[in-house]
Amino acid sequence: MKRQRSGKKLVIVIFFVMLGVAVLCLTACGGCAIYSSMQDMMTYDQAALDLYLNDLVHVMEDLQKFNEDLFANDLDFAALSLENRFVSAAQRMQVEFNLRRMIQNRTQGIAGIMLFEAKQGKQGMNYYWFGTSFLSGRINPQTIAAMQRIRELWLAEQAPEAQRWVSYSDGDCTLLMNMFRQRDLFLCAMVDVQAYADMENRLEDIEFAFLTRDQILTNAAYAQENHVLLEDMLGAVNDTRFIDGSIIVQSRFNEEMGVGLCGMISLASVWGHLRVYVILLAASLLLTCGLFVSMYHLLKEMLISPLDQITDATRQIETGEGFIPGEPKPIRELMEIQTALARLVEQKVSLAKENLLWQSQREHALLQYYQLQTRSHFF
């Protein structure tokens with residue numbers, strides 16, 4: 001004999017299984033949406049890293065090519081670097097004019113080029129030209145003092161290595177410099193990394209930091225506040241790292257120029273975008289639970305309540321009790337079932353009573369018959 005199951009419990013189990021499946025599906029869809037948003041932001045960050053770093057490298061390559069061409073092939077540069085007593089002052093002025101014009105034509109917005117001499121016992125030529133964004137694009141006492149400090153840096157005994165890009169920081173001034181020297185003539189190309197970072201760092205929720213192998217050039221304060229080290233940035237080149245579970249770090253690095261760019265995404269700031277998805281997901285879950293609770297009460301009235309009424313009616317029929325009416329149902333079909341069960345119980349109880357009465361009368365008639373037969377034998 002098969003095991004009998006309760007229909008009431010079966011309906012409840014099916015209901016809760018449907019509710020669990022619905023909640024699980026909504027949670028999975030919400031999780032996929034949040035994960036997809038995170039992936040889109042990381043992909044956007046990678047595209048921005050490639051774009052910004054390539055733009056900076058393009059400027060650096062152009063300046064380096066200019067330095068190399070001027071150093072190797074330009075006759076004016078070679079003539080100015082020679083101590084030729086047969087060159088007249090007018091010819092020297094023409095050579096300097098040609099070099100200054102070339103420098104002005106090749107100086108881009110975030111770049112600056114400085115041409116100066118190291119003469120024994122006298123100052124020598126000291127000329128520089130700025131782009132529109134290089135050190136605010138204005139020649140003032142601050143920029144003049146900055147150029148003088150850079151000149152002294154290259155003239156010092158412990159000068160940086162020439163013909164390669166080196167970093168230089170002085171207060172708010174963060175530069176990448178490339179120096180070419182021929183005898184006593186210096187040609188220094190400079191890129192204002194801070195100006196480029198301020199110009200391009202316009203993406204919400206993503207902080208960018210330029211870096212070299214030795215130091216973080218820009219946005220170092222933000223990196224320090226969030227415990228992002230230079231090693232973390234270099235380790236995230238063409239990869240993704242999570243710092244303290246709150247910062248996503250991605251980096252790009254150009255080995256030829258020795259400069260890189262790191263993008264830092266704060267999960268706390270990302271919450272501002274994902275908050276809409278989370279709120280919609282929570283509202284959907286609450287609405288789904290509310291609908292399922294309403295469905296449960298409706299199913300209880302439509303399925304479980306009739307089963308309970310049929311069970312009560314069966315018990316009343318078996319015990320021969322009169323029908324005990326329940327509360328009136330607001331649903332027409334349930335009211336019709338309740339009325340039909342009441343009629344059925346009443347009819348069953350009435351038939352049972354009639355059957356008992358008939359059996360009682362039959363037994364009384366038999367008793368009288370037996371009494372008559374016994375009396376005749378007695379007489």
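- In terms of heavy atoms, S251 sits closest to L49 at N-CD1, 4.0 Å.
- Between M42 and T240 the shortest side-chain heavy-atom distance falls below 4.5 Å.
- With salt bridges taken as basic N to acidic carboxylate O contacts below 4.0 Å, one links E161 and R164.
- Residues I139 and I144 form a side-chain contact, since some pair of their non-hydrogen atoms from C-beta on lies under 4.5 Å apart.
- Each ring-ring contact (aromatic ring centres under 6.0 Å, His included) pair with one or both residues in residues 126-152, not counting sequence neighbours, appears once here: Y128-F130, F130-F134.
- Side-chain contact between D74 and M102: present, with at least one pair of heavy atoms (C-beta onward) separated by less than 4.5 Å.
- Between E96 and R92 a salt bridge is recorded (basic side-chain N to carboxylate O distance below 4.0 Å).
- Not counting sequence neighbours, the partners of R149 by the side-chain hydrogen bond (donor to acceptor under 3.5 Å, both in side chains) test are D170.
- Under the rule for a side-chain contact (heavy atoms from CB on, under 4.5 Å), the partners of I150 that lie at least two apart in sequence or sit in another chain are M114, M147, W154, Y168, L175, M177, M190.
- Side-chain contact between Q215 and S167 is present, with heavy atoms from C-beta onward closer than 4.5 Å.
- Considering only heavy atoms from C-beta on, I265 comes within 4.5 Å of D45 through its side chain.
- At least one donor-acceptor pair under 3.5 Å links the side chain of Y196 to the backbone N or O of Y52.
- Between the R151 side chain and the E117 main chain, a donor and an acceptor come within less than 3.5 Å of each other.
- N140 meets the side-chain contact (heavy atoms from CB on, under 4.5 Å) test with R138, Q142, T143; sequence neighbours excluded.
- The salt bridge (charged side-chain N to carboxylate O under 4.0 Å, His left out) search around D76 returns none, not counting sequence neighbours.
- A side-chain donor-acceptor contact under 3.5 Å links N98 and Q94.
- Under the rule for a salt bridge (charged side-chain N to carboxylate O under 4.0 Å, His left out), the partners of D232 that lie at least two apart in sequence or sit in another chain are R241.
- Applying the 4.5 Å side-chain rule to ILVMFWY residues, one finds that M93 remains a lone member of its cluster.
- Here the closest non-hydrogen pair linking A236 and V249 is CB-O, 3.6 Å.
- In plain terms, the two heavy atoms of Y222 and N226 that are nearest each other are O-ND2, 2.8 Å.
- In this structure, the side-chain hydrogen bond (donor to acceptor under 3.5 Å, both in side chains) partners of N67, at least two apart in sequence or on a different chain, are N178.
- Residues that satisfy the side-chain contact (heavy atoms from CB on, under 4.5 Å) test with R106, not counting sequence neighbours, are D62, F66.
- Counting heavy atoms from C-beta outward, L187 and I113 have side chains that approach closer than 4.5 Å.
- Partners of Q163 under the side-chain contact (heavy atoms from CB on, under 4.5 Å) rule, at least two apart in sequence or in another chain, are F71, F180.
- For E231, there are no salt bridge (charged side-chain N to carboxylate O under 4.0 Å, His left out) partners two or more places apart in sequence or in a different chain.
- Residue E61 qualifies as enclosed at atom CD: its count of foreign heavy atoms under 6.0 Å is above 12.
- Across L99 and L70, no two heavy atoms sit closer than the pair CD2-CD1, 4.1 Å.
- Applying the salt bridge (charged side-chain N to carboxylate O under 4.0 Å, His left out) rule to E255 yields the partners R213; only residues at least two apart in sequence or on another chain are considered.
- Side chain of T218 to main chain of F210: a donor-acceptor pair is present (N/O by atom type, distance under 3.5 Å, no hydrogens or angles).
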